[in-house]
Amino acid sequence: MQSPIRNRKYATEITPDNDGETVCIAGWVHEKRDLGGVFFLIVRDLSGFAQVTLNRKKTEKDLFARVKKVPRESVVAIEGKVKSESKAPNGYEIIPERMEVLSEASQVLPLDTTEKVGAELDTRLDARFMDLRIERTKQIFIIRSRVLKAIREFLDERGFIEINTPKIVSAATEGGTALFPISYFEREAFLNQSPQLYKQMLMASGFDRVYEIAPIFRAEEHDTTKHLNEATSVDIEVAFVSDKEVMAILEELIAFVYAKVRGYPGLAKLNLNLEVPKIPFRRITYEEAIEAVSEAGEEIEWGEDLGTSAERTLGAMIGELYFITDWPCAIKPFYAQPADAEAKSKDRDTCNAFDLMHPRVELASGSQRVHSYELLKRNIESKGLSADSFEFYLDTFRFGMPPHAGWGLGIDRLLMSMLEIENIREVVLFPRDRRRLAP
RNA sequence: GCCCGGGUGGUGUAGCGGCCUAUCAUUGAGCCCUGUCGAGGCUCGGACUCGGGUUCAAAUCCCGACCUGGGCGCCA
């Protein structure tokens with residue numbers, strides 16, 4: 001055929017009603033079943049599978065021989081007649097007239113795309129391009145795309161402006177996590193750990209509501225199923241509101257995303273009963289959280305951060321998405337707004353910060369922000385950081401900065417928790433961790 | 001970074017001092033078979049991570065390196 005992919009049809013676009021029509025399909029050779037007199041070639045494309053049937057007596061000899069020997073996972077284009085056939089998988093089969101091998105696959109394959117024999121995650125990630133040909137893996141990333149679309153749809157409808165902030169930054173860090181140094185510049189430069197400072201600076205622009213969906217970089221030497229050195233976060237920042245309003249946006253967004261994913265037919269491939277969480281989510285204070293964990297036998301002092309096992313204990317007790325609020329200032333960043341004197345319980349220094357928790361993993365954290373220049377400067381210094389290196393950030397607070405609040409949500413974690421996937425690497429195309437820089 | 005597991009054909013595994021010329025499945029090559037959809041049957045090919053040590057004897061025990069799974073810390 002002169003143009004092997006002329007009028008290409010997807011496998012699921014063809015139905016028994018097309019009986020007698022000539023069609024062209026293109027895709028990968030998924031399986032071959034040789035029964036002697038009859039030969040089945042299963043071609044896989046984005047939509048699904050099509051069965052190509054050859055009869056030794058009826059099919060032209062050369063074509064029969066070529067189809068028989070095309071290696072699995074080769075890319076082929078096949079032109080033939082649709083035949084309605086109740087014995088065929090989709091109710092139809094294709095009687096081929098021509099086959100073009102567009103790319104012949106080498107043998108043997110690094111993975112089994114028919115899923116007869118499983119493969120470990122590490123093996124799958126080494127051959128990710130082929131792993132993505134497996135139905136389940138493919139659906140995870142289609143769902144990921146839909147999640148991202150849903151987030152944009154939700155935020156766009158609410159008047160948010162999508163922004164892009166720099167990923168190459170100077171020394172200033174929010175503290176906590178370590179940064180990746182970059183050697184190109186003639187002074188210190190790093191990959192950004194989050195868009196935090198930049199999205200806050202934009203609050204002084206009058207944009208009022210901004211969001212960014214972008215990579216974040218953490219140079220942590222952690223080695224777990226829920227950490228990566230490069231992750232994707234959705235960050236929002238909203239002017240003239242407090243933590244309460246952005247918490248409401250967050251829970252509505254989560255419910256919206258779940259609802260969108262729930263309606264997606266490909267979800268069936270993941271064998272999952274996805275329920276849209278009810279809003280509002282439960283809210284417990286930090287104080288209630290440490291009390292509950294302590295009662296369960298794991299003593300936590302006020303002011304200590306919640307460790308992995310504490311998170312799990314809480315998750316098991318609550319069993320659904322929940323917020324932890326009113327954190328001690330000491331374990332939240334300098335930009336978290338301290339609670340008003342009258343709102344404080346027992347004279348403890350708490351701030352208007354919150355974490356959104358899934359029973360298995362922390363998903364998001366946010367807060368009302370400090371918008372007073374003097375307080376922010378004091379906070380930075382009291383955390384042992386240098387106000388000088390934050391000048392570019394602090395300056396924006398001197399010329400008219402509205403009160404504001406925001407949060408950052410880990411997309412990868414949202415996806416893994418929603419889809420009940422154990423390892424975060426499964427929901428990232430090419431995950432980056434301590435050991436993996438390729439592919 | 002710390003603490004526990006584990007590295008056996010392409011893939012997933014069994015074996016854990018001599019019975020290993022290493023099991024099984026799948027894949028690959030070939031043959032038989034006209035309705036498969038995890039097709040079936042037969043034949044063949046293909047592996048003990050690397051280096052050192054213990055022992056008459058090492059896939060098997062010990063040490064080191066590398067890779068890897070999990071837990072913790074830290075974090076989103």
In whole angstroms, how far is the [atom2] atom of [N] from the [atom1] atom of [X]?
| X | N | atom1 | atom2 | result |
| --- | --- | --- | --- | --- |
| D122(A) | G7(B) | CG | C1' | 11 Å |
| I254(A) | A76(B) | CD1 | C1' | 13 Å |
| D34(A) | G40(B) | CG | P | 13 Å |
| K32(A) | A29(B) | NZ | C1' | 11 Å |
| K332(A) | A76(B) | NZ | P | 7 Å |
| I424(A) | G69(B) | CD1 | C1' | 17 Å |
| R425(A) | U68(B) | CZ | C1' | 11 Å |
| L437(A) | U68(B) | CG | P | 11 Å |

> If we call it a pair only when both distances are under 3.5 Å in a Watson-Crick or G-U wobble match, what pairs with U13(B)?
Replying inline: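 In the structure as shown, U13(B) has no Watson-Crick or wobble partner.
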
> In the strands shown, is C42(B) matched to any nucleotide by a Watson-Crick or G-U wobble pair with both distances under 3.5 Å, and which?
Replying inline: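 For C42(B), the partner nucleotide comes out as G30(B), under the 3.5 Å rule.
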
Below the 4.0 Å mark, does [N] have OP1 or OP2 next to a side-chain nitrogen or oxygen of [X]?
| X | N | value |
| --- | --- | --- |
| T308(A) | G73(B) | yes |
| R312(A) | C72(B) | yes |
| K116(A) | A39(B) | yes |
| R435(A) | C66(B) | no |
| T224(A) | C74(B) | no |
| R33(A) | C37(B) | no |

Tell me which nucleotide among [options] gets nearest to the side chain of [X].
| X | options | value |
| --- | --- | --- |
| N55(A) | A25(B), G35(B), U34(B) | U34(B) |
| R413(A) | U27(B), C75(B), G35(B) | C75(B) |
| D305(A) | G35(B), G28(B), C75(B) | C75(B) |

Decide yes or no, distance alone: a donor-acceptor N/O pair under 3.5 angstrom between the base of [N] and the side-chain of [X].
| X | N | result |
| --- | --- | --- |
| R434(A) | G1(B) | yes |
| E422(A) | G69(B) | no |
| E31(A) | U36(B) | no |

Aromatic contact between [X] and [Y], with the criterion being ring centroids under 6.0 Å apart: yes or no?
| X | Y | answer |
| --- | --- | --- |
| H371(A) | F397(A) | no |
| F207(A) | F160(A) | no |
| F323(A) | F354(A) | yes |
| F154(A) | F256(A) | yes |

>> Using heavy-atom distances to pick each residue's nearest nucleotide on RNA chain B, tell me which of E362(A) and L121(A) is more 5'.
In response: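 The 5'-side residue here is L121(A).
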
>> Let me spell it out: for each of G118(A) and R72(A), pick the nucleotide of RNA chain B with the closest heavy atom. Which residue's pick is nearer the 5' end?
In response: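 Closest to the 5' end, via its nearest nucleotide, is G118(A).
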
> Touch check for E73(A), heavy atoms < 4.0 angstrom, all strands: base, sugar-phosphate only, or nothing?
Replying inline: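 The residue E73(A) makes no contact with any strand.
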
> Which part of the nucleic acid does E115(A) contact within heavy-atom distance under 4.0 Å: base, sugar-phosphate only, or nothing?
Replying inline: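 Here E115(A) touches no strand at all.
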
>> How close do T123(A) and P110(A) get, counting heavy atoms only, and between which atoms?
In response: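 Closest pair (atom of T123(A), atom of P110(A), distance): CG2-O, 4.2 Å.
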
>> I'd like to know whether D433(A) forms a salt bridge (Lys or Arg N to Asp or Glu O under 4.0 Å) with R425(A), so could you lay out the CA-CA distance, the side-chain angles of the two residues, the decisive distance to 0.1 Å, and finally the verdict.
In response: CA-CA 9 Å; D433(A) 60 35; R425(A) 292 162 183 78; 2.7 Å; yes

>> If I pick the C1' atom on U68(B) and the same atom on C56(B), what distance separates them, to the nearest angstrom?
In response: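 One C1' to the other, the span is 35 Å.
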
